[in-house]
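As a basis for the values below, the full set of heavy atoms in this structure was taken, side chains included, without hydrogen atoms, waters or symmetry mates. The first residue of the sequence shown is numbered 1, and numbering continues consecutively from there. Note that the structure is a prediction, hence the values are computed from the model and not measured.
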Amino acid sequence: MRILFLGLDNAGKTTILKKLNDEDIGDISPTLGFNIKTLIRDGYTLNIWDVGGQRTLRPYWRNYFESTDAVVWVVDSSDRMRMGDCQSELKGLLKEERLAGATLLVFANKQDLEGSMTLEEIRDALDLRSILSHRWIVHPCSAYTGKGLEEGMTWLIKEVAGRLYWSGIQTPTQPTIPTAQVINPVS
């Protein structure tokens with residue numbers, strides 16, 4: 001599976017990826033290009049592209065869209081000031097033809113910080129209910145503690161596998177929604 005990790009700068013994309021790979025997160029600097037990691041999860045090989053989110057790098061995101069199965073959109077839940085920018089970038093991203101049908105996992109990162117936005121606030125700030133072209137979920141996490149990361153990735157893998165591969169994994173027609181997630185209705 002080819003997965004893109006995108007989002008605004010300082011959202012925690014690289015930290016999440018390092019935490020998922022059991023790497024040290026003590027010394028992380030802004031990603032000025034991209035990182036590539038290959039992880040094995042649930043019998044699948046995940047080729048993950050972590051692309052820098054600085055404003056000057058965002059126009060280059062489109063260079064990574066080809067053959068993408070899923071997008072992990074990482075949001076800094078404590079950064080209320082940039083939610084408008086976050087929404088605008090995500091909306092533009094999802095209009096890209098090469099990302100048509102890609103599964104969308106919105107990682108609501110930094111949930112461990114005081115005053116972070118709720119999942120419903122993030123869903124509404126990003127206007128996710130208007131997205132009908134992609135299966136999406138908002139999942140809480142903390143890149144720092146690792147809480148919620150594996151659960152979010154498990155959902156993503158099952159979603160992509162159910163859409164692209166015969167895997168024997170049963171995906172329900174009406175998903176069971178844990179209270180710690182916000183998910184779009186089945187389209």
Engineer: Would you sort out whether Ser130 and Asp127 count as a side-chain hydrogen bond (donor to acceptor under 3.5 Å, both in side chains), showing the intermediate values?
Structural biologist: CA-CA 6 Å; Ser130 70; Asp127 192 26; 3.1 Å; yes

Engineer: Distance from Leu104 atom CG to Ile137 atom CD1, nearest 0.5 Å?
Structural biologist: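 Those atoms lie 10.0 Å apart.
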
Engineer: Are any of the side-chain heavy atoms of Val106 and Leu128 separated by less than 4.5 Å?
Structural biologist: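 Sidechains of Leu128 and Val106: in contact.
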
Engineer: With rounding to the nearest 0.5 Å, note down the distance linking CD1 in Ile28 to OG1 in Thr15.
Structural biologist: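 If we round to the nearest 0.5 Å, Ile28:CD1 and Thr15:OG1 are 3.5 Å apart.
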
Engineer: Taking the side chain as every heavy atom from C-beta outward, state whether Leu57 and Gln54 have any atom pair closer than 4.5 Å.
Structural biologist: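 SC-SC contact between Leu57 and Gln54 confirmed.
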
Engineer: Side chain of Asp24, backbone of Gly26: donor and acceptor closer than 3.5 Å?
Structural biologist: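 At least one qualifying donor-acceptor pair exists.
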
Engineer: Taking the side chain as everything from C-beta on, heavy atoms only, tell me whether Met1 gets closer than 4.5 Å to Leu156.
Structural biologist: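 In short, these two side chains do not touch, never coming nearer than 4.5 Å.
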
Engineer: Would Lys110 and Asp76 satisfy salt bridge (Lys or Arg N to Asp or Glu O under 4.0 Å), going step by step from the backbone distance to the final call?
Structural biologist: CA-CA 6 Å; Lys110 305 185 185 181; Asp76 179 344; 3.0 Å; yes

Engineer: If a pair satisfies ring pair (Phe, Tyr, Trp, His ring centres under 6.0 Å) and one of its residues is in residues 8-43, list it, with sequence neighbours excluded.
Structural biologist: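 Sorted pair list: Phe34-Trp49, Phe34-Tyr64.
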
Engineer: Do Arg129 and Ile131 touch side chain to side chain, with heavy atoms closer than 4.5 Å?
Structural biologist: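 The answer is no; the side chains never approach within 4.5 Å.
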
Engineer: Heavy-atom count check: over 12 atoms from other residues, nucleotides or ligands less than 6.0 Å from Lys147 NZ?
Structural biologist: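 No - once you tally the heavy atoms of other residues, nucleotides and ligands closer than 6.0 Å, there are 12 at most.
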
Engineer: Could you tell me if the side chain of Ile16 sits less than 4.5 Å from the side chain of Cys141, heavy atoms only?
Structural biologist: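 Cys141 reaches Ile16 side chain to side chain.
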
Engineer: Can a salt bridge be assigned to the pair Asp9 and Arg58 using a cut-off of 4.0 Å between side-chain N and carboxylate O?
Structural biologist: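 Yes, charged N to carboxylate O under 4.0 Å.
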
Engineer: Taking all atoms of both residues into account, what is the closest heavy-atom pair of Ala11 and Asn109, and its distance?
Structural biologist: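 For Ala11 versus Asn109, the nearest heavy atoms are O-ND2, 2.7 Å.
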
Engineer: Side chains of Glu89 and Trp73, heavy atoms from C-beta outward: is any pair under 4.5 Å?
Structural biologist: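 The answer is yes; the side chains approach within 4.5 Å.
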
Engineer: Return yes if some donor-acceptor pair links the side-chain N/O of Lys13 with the main-chain N/O of Val74 below 3.5 Å, else return no.
Structural biologist: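 No; zero donor-acceptor contacts below 3.5 Å.
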
Engineer: Are the side chains of Leu6 and Leu93 in touch, meaning some heavy atoms are under 4.5 Å apart?
Structural biologist: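 Contact flag for Leu6/Leu93 side chains = yes.
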
Engineer: Drop me the distance from Met83's CE to Ser88's OG, to the nearest 0.5 angstrom.
Structural biologist: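 Spacing of CE (Met83) from OG (Ser88) equals 13.5 Å.
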
Engineer: Per the side-chain hydrogen bond (donor to acceptor under 3.5 Å, both in side chains) rule, which among Ser142, Ser77, Ser78 passes with Asp112?
Structural biologist: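 With Asp112 as partner, Ser142, Ser77, Ser78 yield a single side-chain hydrogen bond (donor to acceptor under 3.5 Å, both in side chains), made by Ser142.
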
Engineer: Does the side chain of Glu96 come within less than 4.5 Å of Arg62's, by heavy atoms?
Structural biologist: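 Yes, side chains in contact.
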
Engineer: Between Trp155 and Trp136, does the ring centre distance come in under 6.0 Å?
Structural biologist: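 No.
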
Engineer: Begin with the C-alpha distance, continue with both residues' side-chain angles, and end with the deciding distance and a verdict on salt bridge (Lys or Arg N to Asp or Glu O under 4.0 Å) for Glu23 and Lys37.
Structural biologist: CA-CA 11 Å; Glu23 294 179 35; Lys37 293 280 184 203; 2.7 Å; yes

Engineer: Take Asp79 and Arg82 through the test salt bridge (Lys or Arg N to Asp or Glu O under 4.0 Å) and record every step on the way to the result.
Structural biologist: CA-CA 6 Å; Asp79 191 357; Arg82 296 200 306 163; 2.8 Å; yes

Engineer: Any sub-3.5 Å donor-acceptor pair from His134's side-chain atoms to Thr103's backbone N or O?
Structural biologist: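 No; judged by distance alone, with no hydrogens or angles, the pair does not exist.
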
Engineer: Does Phe65 CZ have over 12 foreign heavy atoms under 6.0 Å away?
Structural biologist: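 It does: Phe65 CZ has more than 12 such atoms within range.
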
